[in-house]
Amino acid sequence: MTLASLGLAAILASPTANADESPTSRSRAVAGHEVSLELGTLAAPDPDWEYLGSGNQISSYGVRAGWGFTPALALVASWHRGADGVEFDGPSSDDTGGDDEDLLFRTSFISHQFALGPKLQWRVTPWLAPYATLQGLGVLGTARLDDGFDDDDNPNQYTYRGLAPGGFVSGGVDVKPVRLAKGMRLGTHIELGYALTGRMRLVQEGGRDPASTDEPGTAQLGAVGFRGFTMRFGVGVHF
């Protein structure tokens, strides 16, 4: 069962299922802690991104955890993993001066996104809470260049790594219609916002790029940055 279907099931189990709760239990909200599974996107409009990804964004999956300090304030942290890649066809001339032949080349990019920051929430009811959050964001990226598709450890493969620090601001809503137990609810959330990072300098991991005159370990593939629309959708337990 996908996250989307789990979230839909949670929403369809509307708050009318809790209509028999007493006024006391209705006023009793969860403490503000949570653990949720998430899907997300991070915009990548950088012109150089076309050499690493197939679109203008990174799709990702991950987990979010939150700790409530007060009914209105929580600290949330998340980790997301995203992967993309592209293939290139291009001319390649041999040393004998013969005809050009097609050269197939592949690049891949894997990102680990770490975020941490405060979450301000307004509890309209125990099952509905709009919120806003401002979080620091770090995107750790690994780019690989490989012309061999059948070998994971191709001698011709080059690996580059980099880090892009930044942050994002977003607004969302927690919908927690299913009361699992006293002080515990199953729910879903969706948030939309804007993210901005510095440019990630992708530096070669060990050795020297034959096409570069730099010292070993300093050859650069290039730099990419992330900015623009970001979205997170999740399903989890609030307690």
Side-chain angles (χ1 to χ4, degrees), residues 1-42 57-83 110-140 167-195 229-239:
M1 184 177 289
T2 65
L3 282 178
S5 59
L6 282 173
L8 180 59
I11 293 174
L12 290 178
S14 65
T16 57
N18 298 322
D20 59 345
E21 292 181 353
S22 66
T24 302
S25 61
R26 287 188 182 188
S27 64
R28 182 189 302 117
V30 294
H33 315 319
E34 68 165 290
V35 177
S36 298
L37 300 178
E38 285 190 319
L39 299 175
T41 62
L42 177 64
Q57 63 182 17
I58 303 176
S59 298
S60 63
Y61 63 87
V63 61
R64 181 175 87 174
W67 181 267
F69 294 103
T70 72
L73 176 64
L75 180 68
V76 290
S78 64
W79 163 82
H80 274 229
R81 182 186 188 275
I110 297 175
S111 71
H112 294 275
Q113 305 167 26
F114 302 92
L116 176 69
K119 173 186 173 186
L120 297 175
Q121 50 197 355
W122 297 267
R123 293 181 180 173
V124 180
T125 72
W127 57 269
L128 180 64
Y131 66 85
T133 180
L134 173 64
Q135 299 183 40
L137 174 67
V139 182
L140 179 64
F168 68 87
V169 58
S170 60
V173 60
D174 287 319
V175 182
K176 303 165 284 187
V178 181
R179 187 169 182 263
L180 300 176
K182 179 179 178 180
M184 181 178 293
R185 288 178 174 269
L186 174 66
T188 182
H189 68 266
I190 185 168
E191 66 178 55
L192 309 175
Y194 184 90
F229 175 76
T230 182
M231 183 273 293
R232 300 270 175 108
F233 167 79
V235 176
V237 176
H238 299 252
F239 54 96

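Just so we're clear, the structure is a prediction, and the values are computed from it rather than from any experiment.
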Next on the checklist: Between H189 and D174, does the side-chain contact (heavy atoms from CB on, under 4.5 Å) criterion hold? Intermediate values first, please.
Outcome noted: CA-CA 5 Å; H189 68 266; D174 287 319; 3.1 Å; yes
Checklist entry - Side chains of S36 and E38: do they bring a donor and an acceptor to under 3.5 Å? => result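 There is no such pair (donor and acceptor under 3.5 Å, judged by atom type) between the side chains of S36 and E38.
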Checklist entry - Under 3.5 Å, is there a donor-acceptor pair between the side chain of H33 and the main chain of G68? => result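 Between the backbone of G68 and the side chain of H33 there is a qualifying donor-acceptor contact (under 3.5 Å).
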With rounding to the nearest 0.5 angstrom, report the [atom1] to [atom2] distance, [X] to [Y].
X	Y	atom1	atom2	answer
W122	L120	CH2	CG	5.5 Å
S59	L39	OG	CG	9.0 Å
L137	L116	CG	CG	11.0 Å
R123	Y131	CZ	OH	13.5 Å

Checklist entry - With sequence neighbours left out, what residues match Q121 under side chain to side chain donor-acceptor pair (under 3.5 Å)? => result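 In terms of side chain to side chain donor-acceptor pair (under 3.5 Å), with neighbours along the sequence ignored, Q121 is linked to no residue.
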Item to check | All side chain to side chain donor-acceptor pair (under 3.5 Å) counterparts of H112, not counting sequence neighbours | outcome: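 H112 satisfies side chain to side chain donor-acceptor pair (under 3.5 Å) with W79 once adjacent residues are dropped.
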Item to check | Step-by-step side-chain contact (heavy atoms from CB on, under 4.5 Å) determination, R185 to W127 | outcome: CA-CA 8 Å; R185 288 178 174 269; W127 57 269; 3.8 Å; yes
Nearest non-hydrogen partners of [X] and [Y], listed with the distance:
X	Y	result
I58	G82	CG2-CA, 3.9 Å
P126	K176	O-CE, 3.7 Å
P177	G187	CD-CA, 4.3 Å

Item to check | From CA spacing to verdict: side-chain contact (heavy atoms from CB on, under 4.5 Å), V76, Q135 | outcome: CA-CA 8 Å; V76 290; Q135 299 183 40; 3.4 Å; yes
Next on the checklist: The criterion is salt bridge (Lys or Arg N to Asp or Glu O under 4.0 Å); which residues satisfy it with E34, sequence neighbours excluded?
Outcome noted: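 So E34 forms a salt bridge (Lys or Arg N to Asp or Glu O under 4.0 Å) with R64, K119.
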Checklist entry - Between T133 and V169, does a side-chain contact (heavy atoms from CB on, under 4.5 Å) hold up when you go through it step by step? => result CA-CA 6 Å; T133 180; V169 58; over 6 Å; no
Checklist entry - Of all residues at least two apart in sequence or in a different chain, which pass the side-chain contact (heavy atoms from CB on, under 4.5 Å) check with A83? => result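 Scan of A83 (side-chain contact (heavy atoms from CB on, under 4.5 Å), adjacent residues dropped) gives R81, I110.
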Next on the checklist: V173: which residues meet the side-chain contact (heavy atoms from CB on, under 4.5 Å) condition with it, sequence neighbours left out?
Outcome noted: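 L128, V175, I190.
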Return all side-chain donor-acceptor pairs below 3.5 angstrom for residues 230-239, not counting sequence neighbours, or 'none' if the list is empty.
unit_1, atom_1, unit_2, atom_2, d
T230, OG1, T41, O, 3.0
R232, NH1, S78, OG, 3.0

Next on the checklist: Quick check: do L73 and P118 have side-chain heavy atoms less than 4.5 Å from each other?
Outcome noted: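 Side chain of L73 against side chain of P118, heavy atoms only: contact under 4.5 Å found.
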